[in-house]
There are 2 protein chains.
Amino acid sequence: MMPNTSLKKALDHLKSQGIRMTPQRHAILSYLCQTMSHPTADEIYKTLEKKFPNMSVATVYNNLRVFKESGLIRELPFGDDSSRFEANVSEHYHIICKNCGHIEDFTYPCITDIEEIAAKATGFKIDSHCVELHGLCVECQK
Amino acid sequence: MMPNTSLKKALDHLKSQGIRMTPQRHAILSYLCQTMSHPTADEIYKTLEKKFPNMSVATVYNNLRVFKESGLIRELPFGDDSSRFEANVSEHYHIICKNCGHIEDFTYPCITDIEEIAAKATGFKIDSHCVELHGLCVECQK
DNA sequence: GTGAGTGCAAACCCTTTGCAGCGCC
DNA sequence: GGCGCTGCAAAGGGTTTGCACTCAC
């Protein structure tokens, strides 16, 4: 979830990069900024279809790529069948329910030291890391 | 990479579960146990095609699923186009080169406390976690 | 002998691409 | 008005499935 100011910031960011604003683009970005979930491209498409009956999936995919390349959104690297996206690009981790697929954000004191240690051990030049936790969500434990 | 004893152990494990051993199955498992890489299903298929000219990709996929359900191998959850597999099921993390895709294993003092903290924060019942580091491998830094 | 495993091909799903027409700047 | 974006449909790549035949037990 992001405050509404984030949408404005995102719009300005795109404008400054010379990327045109279209109704579809605005809708996708707006949806991503206000949702707490981590939708797939298809979920975004199905949600916005009501407002834009003629919108195509290709448009959703194209714009998700544009936003990702602009650094406005992040593609989640889970081994799911389809990719998921989120507008929250701040440092945080994810917990995934292995039963229902529900994903929650989770902040944790950043373990940046793992990057340094890994860099020394392997010679890699590391620029990011991510942590994924798997288990059962509250609902699915019942 | 796993010692050859692991292959024997894996074979015994399958036998004890009543899973039949076939030449194809043996080849796939053997290949996964001795390789240090993290091959995709297609890479396994292409490698074994020489020995089994009639083998089908479906057989590779079917058996990877069988092995995975038996807990003998692990499917890597990277956001790649295609899944990768490894026979090393012991606790370890992965470093991925964002340029060439090269993957290396990396052991780190287990951060199990993250599981406890996350469990408390979210109510999830957590049973595993994984860490992924992204950067440039030694070769690609040149 | 029997049922699990194989091979083949078709089907499926997700994602990308080519292209003509539309519309944002 | 120009060029970037859209929508449509077709293509592409990875993975799964249905089915008849084979072979491990």
Side-chain angles (χ1 to χ4, degrees), chain A residues 10-31 38-70 72-85 101, chain B residues 10-31 38-70 72-85 101:
Chain A
L11 293 175
D12 287 345
H13 182 70
L14 288 176
K15 201 174 209 171
S16 76
Q17 290 195 315
I19 296 171
R20 290 188 188 170
M21 189 44 49
T22 67
Q24 296 86 339
R25 222 162 239 184
H26 188 282
I28 296 170
L29 201 50
S30 161
Y31 176 66
H38 306 74
T40 62
D42 200 59
E43 281 164 17
I44 298 170
Y45 169 65
K46 285 203 166 50
T47 303
L48 299 182
E49 213 180 9
K50 299 154 197 160
K51 245 199 265 179
F52 299 88
N54 292 325
M55 188 167 64
S56 92
V57 215
T59 299
V60 176
Y61 278 104
N62 286 337
N63 286 322
L64 287 172
R65 179 156 33 85
V66 169
F67 298 157
K68 197 171 66 173
E69 284 166 0
S70 281
L72 289 177
I73 67 171
R74 188 185 284 163
E75 186 172 355
L76 301 186
F78 307 152
D80 271 299
D81 33 355
S82 55
S83 291
R84 296 183 167 274
F85 299 85
Chain B
L11 293 176
D12 286 344
H13 181 70
L14 288 177
K15 201 174 210 172
S16 76
Q17 291 195 313
I19 296 172
R20 291 185 187 172
M21 190 43 50
T22 67
Q24 295 89 337
R25 224 162 237 183
H26 188 282
I28 296 170
L29 202 49
S30 162
Y31 176 66
H38 306 73
T40 62
D42 201 58
E43 281 165 18
I44 297 171
Y45 170 64
K46 285 203 165 50
T47 304
L48 299 182
E49 213 179 8
K50 299 154 198 160
K51 243 198 265 179
F52 300 89
N54 291 326
M55 188 167 63
S56 92
V57 214
T59 299
V60 176
Y61 278 104
N62 285 337
N63 286 322
L64 287 173
R65 179 156 34 84
V66 169
F67 298 157
K68 197 172 64 171
E69 284 167 1
S70 281
L72 290 176
I73 67 172
R74 189 186 283 164
E75 187 172 354
L76 301 186
F78 307 153
D80 271 299
D81 34 353
S82 55
S83 290
R84 298 183 167 275
F85 298 86

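A note on names: the letters A, B, ... follow the listed sequences, proteins ahead of strands, and every chain is numbered from 1. Because the structure is a prediction, the values reported are computed rather than measured.
A straight line from CG of A:Leu14 to C1' of D:dG4 spans 14 Å, rounded to a whole angstrom. Atom-to-atom, CG of A:Asp81 to C1' of D:dT17 comes out at 16 Å; the value is rounded to the nearest Å. For B:His26 and C:dG5, the NE2 to P distance is 16 Å, given to the nearest whole Å. Following rounding to the nearest Å, B:Lys51 (NZ) and C:dG7 (C1') show an atom-to-atom distance of 19 Å. Look at OH on B:Tyr45: it is 10 Å from C1' on C:dC8, rounded to the nearest Å. Whole-Å rounding puts the A:Glu49 CD to D:dG7 C1' distance at 13 Å. One can place CG of A:Asn63 at 14 Å from C1' of C:dT16, the figure rounded to the nearest angstrom. Atom CD1 in A:Ile44 sits about 14 Å away from atom P in C:dC14, given to the nearest Å.
Below the 3.5 angstrom threshold, one finds a donor paired with an acceptor across the side chain of A:Arg20 and the base of D:dC3.
A heavy-atom distance below 4.5 Å is found between the side chains of A:Glu43 and A:Thr40. At a threshold of 4.5 Å between non-hydrogen side-chain atoms, the residues B:Thr59 and B:Thr22 do not count as touching.
Between the side chain of A:His13 and the main chain of A:Leu72, no donor-acceptor pair closer than 3.5 Å is present. A donor-acceptor pair under 3.5 Å is absent between the side-chain atoms of A:Arg25 and the main chain of A:Asn63, judged by distance alone.
Map B:Arg65 and A:Pro53 each onto its nearest nucleotide of DNA chain D; the residue landing nearer the 5' end is A:Pro53. Remark on DNA chain D: of its neighbouring residues A:Ser56 and B:Arg84, the 5'-side contact belongs to A:Ser56, judged by nearest-heavy-atom nucleotide.
Here the nucleotide nearest the side chain of A:Ala58, chosen from D:dC8, C:dG7, D:dT15, is D:dC8. Distances were taken from every side-chain heavy atom of A:Met21 (C-beta onward) to each of C:dC24, D:dG7, C:dC25; the shortest belongs to C:dC25.
Residue A:Thr22 places at least one side-chain N or O closer than 4.0 Å to OP1 or OP2 of D:dT6. Residue A:Thr59 places at least one side-chain N or O under 4.0 Å from the OP1 or OP2 atom of D:dG7. Between B:Arg25 and C:dG5, a side-chain N or O to OP1/OP2 separation shorter than 4.0 Å is present. At D:dC23, none of the side-chain N or O atoms of B:Gln24 fall inside 4.0 Å of OP1 or OP2 (strictly under the cut-off).
Under the ring pair (Phe, Tyr, Trp, His ring centres under 6.0 Å) criterion, A:Phe78 pairs with A:His94, sequence neighbours left out.
Within the 4.0 angstrom heavy-atom criterion, base atoms lie near A:Asn62. Nucleic acid contact class of A:Ser83 (heavy atoms, under 4.0 Å, all strands): sugar-phosphate only.
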